[in-house]
Amino acid sequence: MAKEKLLLLDGNSLAYRAFFALPPLTNDSGIHTNASYGFTMMLQKIVEEEQPTQMLVAFDAGKTTFRHESFGEYKGGRQKTPPELSEQFPYIRKLIDAYNIKRYELDLYEADDIIGTLAKQAEAGGSEVIIVSGDKDLTQLSSDNVTVYITRKGITDIEKYTPAHIEEKYGLTPAQIIDMKGLMGDASDNIPGVPGVGEKTAIKLLKEYGSVEALYEAIDGMKASKMKEKLVENEDSAHLSKKLATIFTEAPIEITLDDLAYAGPNEDALLAVWQELGFKSLIEKSDMQSTAQEQEDIQLNIVADVTTAMLKDTMALHVELENEHYHSCDMLGIAVTNGEDATYIPVEIALKSDAFKAWLEDASKKKYIVDSKATQAILARYDIQLAGVAFDLLLASYIVNPAISGDDVAALAKEFGYTNVQANEVVYGKGAKWTVPETGVLADHISRKAIALWHLQSVVEKKLKDNEQYDLYHDLELPLAEILGKMEIEGISVDVEILKQMGEALQEKLTVIEQSIYELAGEEFNINSPKQLGVILFDKLGLPVLKKTKTGYSTAADVLEKLQSEHDIVKHILDYRQLAKLQSTYIEGLTKEVHAKDGKVHTRFQQALTATGRLSSTDPNLQNIPIRLEEGRKIRQAFVPSKEGWVLFAADYSQIELRVLAHMCQDPVLVEAFKEGMDIHTRTAMDVFGVTNPDEVTANMRRTAKAVNFGIIYGISDYGLSQNLDIPRKKAAEFIESYLQSFPGVKGYMENIVADARRDGFVTTILNRRRYLPDINSSNFNLRSFAERTAMNAPIQGSAADIIKKAMIDMDIRLQKEGLQAKLLLQVHDELIFEAPAEEIEILERIVPEVMESAIELAVPLKVDYSHGHSWYDAK
DNA sequence: GTCTTCACG
DNA sequence: ACGTACGTGAAGACC
């Protein structure tokens with residue numbers, strides 16, 4: 001058996017070292033991270049360099065130790081641990097646990113004693129021992145088999161204390177280190193020693209006499225001096241100090257060396273802690289290392305022709321794309337498999353094969369795919385209508401846990417313990433270095449993805465079934481992917497000429513406002529730069545600073561609105577901002593996205609991204625087209641039907657989230673209000689303000705009630721409401737209190753859902769979508785509060801997402817059944833946008849609300865409003 | 001790449 | 001005492 005190598009770390013000492021060696025870093029949540037970071041860096045380095053077979057981190061247990069029995073003032077007068085450091089200890093423990101390193105502390109004993117005891121045991125067993133600390137006391141443990149590493153300035157710079165090194169440095173043996181301490185004392189531990197004796201004197205004395213005991217035996221013969229007087233005077237102190245400095249190597253520890261085996265970190269757990277602490281550089285580095293791991297060999301056959309014999313009834317299919325823009329990018333290669341041997345089909349071979357096209361389009365041939373919508377969309381560009389999608393790894397993983405990151409097969413596979421596939425970054429590189437490798441490497445990579453898919457289908461489906469989420473995945477997300485694919489491929493027509501004219505008018509206005517701003521400021525500057533703008537407003541013009549950001553003055557709209565009366569320039573800046581946003585994002589940005597071949601934009605709906613189950617939309621984002629202000633709303637005039645004689649038809653759920661809330665909490669007042677079709681904000685205002693007649697509710701009361709309702713959905717907090725309404729926090733708290741009094745069912749729901757989250761670690765939606773909340777039991781107030789609000793919000797927002805997704809599937813079926821030409825084009829969270837021949841509008845007005853309102857039956861009715869017009873603007 | 005701001009539900 | 005409303009994406013500035 002190879003020799004054991006034991007690494008013993010002094011947890012407290014190293015945490016202190018890291019804390020004081022690094023500047024005060026904090027992460028996004030405001031937690032200090034310098035000690036955690038320094039500790040991690042040190043661990044990484046030492047483990048990498050030493051490759052230990054056993055490891056332990058020892059901590060000091062509490063305030064009192066056995067040393068206090070002989071000397072009450074031991075470690076007295078110490079500065080209290082800074083709170084910035086104290087708050088990091090829980091994370092340091094988490095880090096150690098994630099590394100799968102044993103940690104230990106023992107009542108009445110210090111870390112030194114645990115380390116000393118284990119070092120002796122291990123040495124006796126023939127192991128090599130390395131001790132790491134910031135405290136030189138430990139060097140007394142140095143021997144032929146025990147090396148003590150002491151951190152020098154910084155954290156990763158260490159000095160290695162072997163007996164030889166100690167001899168060279170001090171001219172002493174390791175055991176004499178204790179004697180040295182006894183004579184010179186230690187200010188940090190409040191060990192007195194002999195006053196007037198420092199390191200130099202102590203070393204000189206020990207070289208001459210050997211030990212404290214020998215020195216005092218011979219002291220009579222010492223020639224009279226000031227030093228001799230001091231030594232005689234403080235003999236007791238010297239003996240006591242030596243005793244205090246002696247590390248006890250027979251501590252009654254309850255662990256044995258066998259408990260300390262070290263076999264590497266739990267990478268998932270470690271990444272999770274790094275994520276929590278915001279160690280981005282470490283996360284990136286680890287991705288590279290862990291994914292560049294050794295791969296098992298695979299068998300692959302690169303074919304020059306596709307035959308029907310190669311294509312089975314059930315196969316994993318992977319179409320590798322150049323990038324995520326599947327509406328415009330190229331394919332790089334294709335692989336299929338139904339076992340360990342993959343068939344790699346070069347793109348040009350695949351595209352000219354009728355057999356392959358027939359197989360892809362055959363619904364009875366089942367395919368396991370990683371992103372079926374992307375595959376559907378790119379094949380559609382080559383006139384291939386993908387059918388028979390039986391498994392989608394991207395969607396299945398997302399349902400198991402929406403927090404699972406990325407669409408890279410390697411990352412997803414790793415979540416389920418499969419590692420025989422490389423990360424894209426490893427194969428292609430990233431950023432400017434991105435490049436397609438030679439065919440052999442590429443074929444291997446793509447084939448591995450297909451093989452991974454083949455393996456993961458059963459693994460992930462089992463997980464879904466265990467979690468009772470298979471139906472959500474199979475009956476909702478999977479069919480929805482195809483519908484979204486159709487919507488994206490269809491696209492929506494944009495009248496570029498309208499955008500162009502708007503842009504020109506906008507530019508004229510912007511130029512005028514720009515001039516006014518420069519005039520009022522007395523100089524030209526970049527209005528788009530919050531930094532430069534801050535200087536003008538707050539330094540030059542002397543406006544009051546109401547809010548600051550991390551980096552300087554805040555110039556956000558809510559701040560500027562409060563400053564409007566202070567200076568004329570403010571209004572101009574607000575106007576400029578509004579128009580500049582329209583110009584850059586919606587006129588210029590949108591125009592760039594219009595495809596030349598069909599005059600349409602083809603967004604991509606991200607189906608496996610949000611934490612709650614909603615969709616998101618990119619390139620362009622069609623879920624945030626302006627509507628609230630008239631100037632912006634006009635952008636919608638550019639969204640038009642694709643054919644002459646067609647119109648746009650829009651239908652949206654009214655108050656869907658509050659209805660979901662009513663359903664889930666079963667609050668009688670809320671349920672009744674919806675059943676009776678009351679205006680919910682007015683109803684809320686009546687209860688919050690104690691008014692019995694709806695006519696007595698003023699516009700302002702309703703506005704306040706509306707804000708309170710939003711607050712309830714978001715996970716209420718008095719502070720948030722006070723910001724939103726610009727009222728004192730106390731006032732906001734009263735509104736909330738009043739609301740919860742009036743709606744006890746809501747109060748009960750909020751309490752229960754947080755309790756559920758604490759118990760289960762996740763919350764669920766109506767269709768059993770999960771959101772995990774790892775911070776729900778955190779000792780950090782911010783993290784915990786955020787998790788609590790999320791626990792309240794996620795089931796509401798997520799259930800609303802479930803409902804509209806179900807409606808989209810039902811709607812797709814219904815349109816086919818009715819034999820309509822109408823097409824669903826967009827989804828905007830609570831709204832569906834169709835285009836249809838004008839003559840179908842009458843039917844749509846009947847069936848769209850019917851289908852949407854009956855998508856999922858709740859304890860309250862769902863209500864849908866609808867309209868149509870010759871542009872999106874007119875469908876209001 | 002990160003920060004700030006602002007568009008939407 | 002703490003310090004925040006929930007969920008997104010895009011653009012521009014600045015490092």
Side-chain angles (χ1 to χ4, degrees), chain A residues 28-31 83 87 278 280-281 284 402 430-431 526-534 547-560 573-574 577-590 592-593 603-606 609-629 631-633 635-636 652-653 655-657 707-708 710-725 729 732 736 771 779-798 800-801 804 826-831:
Chain A
D28 294 346
S29 326
I31 303 166
E87 70 179 21
K280 289 181 188 126
S281 58
E284 264 175 40
K430 68 165 178 177
N526 187 345
I527 308 169
N528 289 318
S529 163
K531 197 177 166 189
Q532 293 183 36
L533 180 60
K547 197 164 98 181
K548 289 196 142 201
T549 66
K550 248 183 258 172
T551 49
Y553 308 120
S554 170
T555 66
D558 63 328
V559 176
L560 296 185
I573 289 165
L574 284 166
R577 280 257 179 90
Q578 191 203 329
L579 301 183
K581 175 86 178 180
L582 292 177
Q583 185 75 302
S584 66
T585 305
Y586 297 103
I587 302 289
E588 292 166 2
L590 195 56
K592 278 184 219 150
E593 294 290 342
T603 189
R604 282 176 296 123
F605 288 107
Q606 304 290 341
L609 186 147
T610 71
T612 54
R614 275 189 176 182
L615 302 175
S616 85
S617 158
T618 59
D619 304 308
N621 180 354
L622 295 180
Q623 292 182 319
N624 73 344
I625 302 300
I627 190 165
R628 290 171 192 170
L629 299 172
E631 294 96 317
R633 190 173 199 157
I635 299 283
R636 294 179 173 228
D652 69 290
Y653 283 109
Q655 306 297 352
I656 188 166
E657 292 188 337
V708 172
F710 272 105
I712 294 293
I713 291 168
Y714 294 157
I716 197 78
S717 83
D718 51 9
Y719 182 86
L721 183 63
S722 76
Q723 287 295 298
N724 188 290
L725 286 173
R729 219 188 65 212
I736 293 166
R771 177 166 185 182
S779 57
N780 179 292
F781 177 88
N782 279 335
L783 291 177
R784 191 177 63 247
S785 303
F786 185 68
E788 287 168 359
R789 291 197 296 275
T790 310
M792 298 186 242
N793 169 264
I796 299 173
Q797 194 182 117
I804 194 164
L826 300 176
Q827 186 253 45
V828 191
H829 309 307
D830 64 353
E831 176 183 21

request  = Using a heavy-atom cut-off of under 4.0 Å over every strand shown, decide if A:Leu615 touches base, sugar-phosphate, or nothing.
outcome  = nothing
ask   = Relative to the 5' end of DNA chain C, which residue comes earlier, A:Ser584 or A:Lys581, by the nucleotide with the nearest heavy atom?
value = A:Lys581
inquiry  = For a quick check of understanding: with a heavy-atom distance under 4.0 Å over all strands, which category does A:Gly589 fall into, base, sugar-phosphate or nothing?
reply    = sugar-phosphate
request  = Could you check whether A:Ser722 gets within reach of a base, just the sugar-phosphate, or nothing at all, counting any heavy atom under 4.0 Å?
outcome  = nothing
query = Which part of the nucleic acid, if any, lies within contact of A:Gln797, taking any heavy atom under 4.0 Å across all strands shown: a base, the sugar-phosphate backbone alone, or nothing?
reply = base
request  = Give one of base, sugar-phosphate or nothing for A:Asn528, where a contact means two heavy atoms less than 4.0 Å apart.
outcome  = sugar-phosphate
note = Rounded to whole Å, the CD1-C1' distance (A:Ile573 to B:dC6) equals 16 Å
query = Rounded to the nearest Å, what distance is computed from the CD atom of residue A:Gln583 to the C1' atom of nucleotide B:dC6?
reply = 16 Å
remark   = Among the nucleotides B:dG9, B:dC8, B:dT4, whichever has the atom closest to the side chain of A:Asn624 is B:dC8
Partner nucleotide of B:dC6 by Watson-Crick or wobble geometry (both distances under 3.5 Å) = C:dG9
task = Write down the distance between CG (A:Leu826) and C1' (B:dC8), rounded to a whole number of angstrom.
result = 13 Å
Sugar-phosphate only, base, or nothing, as touched by A:Leu582 at under 4.0 Å among non-hydrogen atoms = nothing
inquiry  = Taking any heavy-atom pair under 4.0 Å as a contact, classify A:Ala794: base, sugar-phosphate, or nothing.
reply    = nothing
message = Distance check, rounded to the nearest 0.5 Å: A:Met792 atom CE versus A:Ile713 atom CD1?
response = 13.0 Å
request  = Using a 4.0 Å heavy-atom cut-off across all strands, classify A:Glu831 as base, sugar-phosphate, or nothing.
outcome  = nothing
task = Starting at CG of A:Asn793, measure out to CD1 of A:Ile712 and round the result to the nearest 0.5 Å.
result = 12.0 Å
request  = Report which part of the nucleic acid A:Ala611 touches: base, sugar-phosphate, or nothing (heavy-atom distance under 4.0 Å, all strands).
outcome  = sugar-phosphate
inquiry  = If you apply the rule side chain to side chain contact (heavy atoms under 4.5 Å, CB included), what do you find for A:Gln623 with A:Gln827, and how did you get there?
reply    = CA-CA 8 Å; A:Gln623 292 182 319; A:Gln827 186 253 45; 3.2 Å; yes
ask   = salt bridge (Lys or Arg N to Asp or Glu O under 4.0 Å): which pairs involve residues 612-626 of chain A, sequence neighbours left out?
value = A:Arg604-A:Asp619, A:Arg614-A:Glu657
ask   = Can you pull the contact range of chain A along DNA chain C, 5' to 3', using atoms under 4.0 angstrom from its heavy atoms?
value = C:dC2 to C:dC15
message = OP1 or OP2 of B:dC8 versus the side-chain N and O atoms of A:Arg628: is any pair under 4.0 Å?
response = yes
request  = Output yes when at least one side-chain N/O atom of A:Arg633 is less than 4.0 Å from OP1 or OP2 of B:dC8, else no.
outcome  = no
ask   = What is the distance from CD1 of A:Ile527 to C1' of B:dT5, rounded to the nearest Å?
value = 15 Å
ask   = For A:Ala787, which contact category applies under a 4.0 Å heavy-atom criterion: base, sugar-phosphate, or nothing?
value = nothing
query = For A:Arg614 and B:dG9, what is the distance between atoms CZ and C1' respectively, to the nearest whole Å?
reply = 5 Å
key: Interatomic distance, A:Asp558 CG vs B:dT4 P [rounded to whole Å]   = 14 Å
ask   = Could you give the distance from NZ (A:Lys581) to CG (A:Leu629), rounded to the nearest 0.5 Å?
value = 12.5 Å
task = For A:Ile625, answer base if it contacts any base atom (sugar-phosphate contacts may also be present), sugar-phosphate if it contacts only those atoms, and nothing otherwise; contact means non-hydrogen atoms under 4.0 Å.
result = sugar-phosphate
ask   = A:Ile713 has an atom CD1; how far is it from atom P of B:dG9, in whole Å?
value = 14 Å
B:dC6 and C:dC2, which share atom name C1', separated by this distance in whole Å = 29 Å
inquiry  = Can you tell me how far apart CG (A:Leu582) and CG (A:Leu590) are? Round to the nearest 0.5 Å.
reply    = 11.5 Å
ask   = For the residue pair A:Ser617 and A:Thr603, what are the closest heavy atoms and their distance?
value = OG-OG1, 2.8 Å
key: Exercise: identify the closest heavy-atom pair between A:Asn724 and A:Ala707   = OD1-CB, 4.0 Å
note = Distance col, row A:Ile625:CD1 vs A:Thr585:OG1, nearest 0.5 angstrom, shows 9.5 Å
message = Classify A:Arg771 by what it touches in the nucleic acid, base, sugar-phosphate, or nothing, heavy-atom distance under 4.0 Å.
response = sugar-phosphate
message = Assuming nearest nucleotide by heavy-atom distance, tell me which of A:Thr790 and A:Tyr719 is located more 5' along DNA chain C.
response = A:Tyr719
ask   = B:dT5 and C:dA5: how far apart are their P atoms, nearest whole angstrom?
value = 13 Å
query = Which part of the nucleic acid, if any, lies within contact of A:Ser785, taking any heavy atom under 4.0 Å across all strands shown: a base, the sugar-phosphate backbone alone, or nothing?
reply = nothing
query = Taking only side-chain nitrogens and oxygens of A:Arg577, does any of them come within less than 4.0 Å of OP1 or OP2 of B:dT5?
reply = no
